[in-house]
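Remember, it's 1-based here, ligands and their atoms both numbered in the order they're listed.
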Amino acid sequence: MRCSSDWSGVSFLLERSVQRVAGMTFTMRWRATAAALTVSAAVLSAQTPITPPKNGYTPAEDVQLGREAAAEVERQVPLLSDKQVLSTMAGIGRRLVNAIPSELRHSEFKYSVQVVNDADINAFALPGGPMYVNRGMIEAAGREGEAAGVMAHELAHVALRHGTAQATEATKYQLGGLAGAIIGSVVGGKVGSAISQGTNIGLGTVFLKYSRAYEKQADLLGAQIMARAGYDPRDLAEMFQTIEEQGGLGGPEWLSDHPNPGNRYEYISAEASQLRVKNPVRDTRAFEATQERLKGMPRAPKTQTR
Ligand SMILES: [Zn+2]
């Protein structure tokens with residue numbers, strides 16, 4: 001668990017805050033989130049059931065792999081240390097984490113949010129909980145719900161343990177022993193490639209993206225988590241359009257790492273129509289202030305390689 005003393009990042013656990021620096025700011029939201037947890041199952045009964053894929057790893061192994069990959073990531077990427085930005089994104093992250101369905105919670109997992117000072121529209125999350133959101137993603141979001149949508153999608157991959165599930169599948173094809181390659185693959189892009197190679201397990205640039213089936217699961221569970229957290233899941237569908245529009249030539253990295261399973265906008269919208277948003281988040285001023293603050297900072301570098 002990273003500590004808050006130098007505000008190098010923000011970490012939090014299910015059920016309790018460990019972030020003291022921002023404690024004052026979060027008190028009200030924390031209570032609001034607790035209220036959101038009282039959403040009855042009946043209200044959400046129309047949601048699509050999501051079953052985690054087969055997994056040969058333990059949740060503790062997810063945590064261990066994620067921790068090793070996080071150490072590598074943090075050697076590779078520039079992290080922002082701005083308190084206001086981090087506390088805002090941690091607040092959104094905590095709200096979403098508290099909305100993960102109870103059957104998909106793992107007590108070992110330690111969720112955290114870091115902001116990467118990179119202009120690319122991207123975000124990724126590692127097994128066991130560490131999440132990295134690019135500054136470019138926050139700036140591109142049309143509103144808080146869109147950023148929350150991407151984060152909810154990433155959290156869904158973590159909660160469903162897709163990274164190690166994919167590793168489990170890959171071992172069937174004799175790729176064996178491949179934590180680094182798999183983690184590199186689920187992070188994707190240049191950082192993922194560096195992790196794959198940096199872990200030196202002999203697979204070099206083996207590069208597996210999340211399967212389309214996993215993408216669809218993350219979209220649907222992400223939509224469900226959003227509704228439980230007070231966000232309109234339609235914002236997730238909107239964010240995909242925002243990403244496509246703003247991605248520029250070649251498209252943003254996020255979409256190449258999270259391929260469209262097909263009809264993404266339509267099935268997320270259909271799921272959204274089955275979900276009721278409880279205790280909707282109305283005060284998004286902190287997020288808007290964060291976007292303004294980022295715009296006022298020196299331009300984020302855009303990483304050169306893919
Ligand atoms: Zn994905």
Side-chain angles (χ1 to χ4, degrees), residues 48 50-53 55 62 65-66 69 73 92-93 96-97 99-101 104 109 111 113 116 120-134 136-138 140-141 145-170 181-193 195-196 207-226 229 231 233 235-244 247 251-269 271-272 306:
T48 302
I50 307 286
T51 307
N55 198 315
D62 275 45
L65 292 173
V73 165
I92 297 170
L96 293 168
V97 165
I100 293 172
L104 295 176
F109 284 16
Y111 291 91
V113 178
V116 181
D120 276 346
I121 300 178
N122 202 9
F124 57 87
L126 300 170
M131 187 191 298
Y132 298 83
V133 181
N134 273 13
M137 175 67 83
I138 301 170
E146 292 194 3
V150 168
M151 293 167 74
H153 174 102
E154 296 292 342
L155 279 180
H157 280 308
V158 173
L160 292 164
R161 305 182 55 221
H162 280 165
T164 47
Q166 190 142 296
T168 303
E169 264 184 58
I182 293 298
I183 302 312
S185 75
V186 301
V187 170
K190 62 251 171 196
V191 176
S193 177
I195 292 171
S196 300
F207 197 81
L208 305 167
K209 292 165 185 166
Y210 279 129
S211 70
R212 285 169 197 272
Y214 289 3
E215 279 309 299
K216 188 164 182 180
Q217 278 203 328
D219 287 339
L220 294 175
L221 180 61
Q224 294 166 11
I225 289 172
M226 287 183 79
Y231 292 104
D235 283 347
L236 174 58
E238 297 290 333
M239 186 63 188
F240 288 122
Q241 295 196 323
T242 299
I243 291 172
E244 282 169 11
E253 194 171 306
W254 195 88
L255 278 183
S256 68
D257 300 338
H258 302 265
N260 187 344
N263 301 318
R264 191 167 228 167
Y265 188 92
E266 290 75 14
Y267 69 69
I268 293 173
S269 301
E271 185 75 9
R306 290 288 300 267

Excluding water, the protein N, O or S atoms sitting under 2.8 Å from the Zn ion (ligand 1) are His153 NE2, His157 NE2, Glu215 OE1, Glu215 OE2, His258 ND1
Working note: Val113 + Ile92, criterion side-chain contact (heavy atoms from CB on, under 4.5 Å); need CA distance, chi angles, decisive distance, verdict. CA-CA 9 Å; Val113 178; Ile92 297 170; over 6 Å; no
Under the side-chain contact (heavy atoms from CB on, under 4.5 Å) rule, what do Leu236 and Tyr231 come out as? Steps first, then yes or no, please. CA-CA 9 Å; Leu236 174 58; Tyr231 292 104; over 6 Å; no
Using a 3.5 Å distance criterion without hydrogens, assess whether the side chain of Asp235 forms a donor-acceptor pair with backbone atoms of Gly149. no
Asn134 vs Ile121, side-chain contact (heavy atoms from CB on, under 4.5 Å): CA-CA, chis, key distance, verdict: CA-CA 6 Å; Asn134 273 13; Ile121 300 178; over 6 Å; no
Check the pair His153 / Met239 against side-chain contact (heavy atoms from CB on, under 4.5 Å), numbers first and verdict last. CA-CA 11 Å; His153 174 102; Met239 186 63 188; over 6 Å; no
Check: Thr48 and Tyr267 side chains under 4.5 Å, non-hydrogen atoms: no
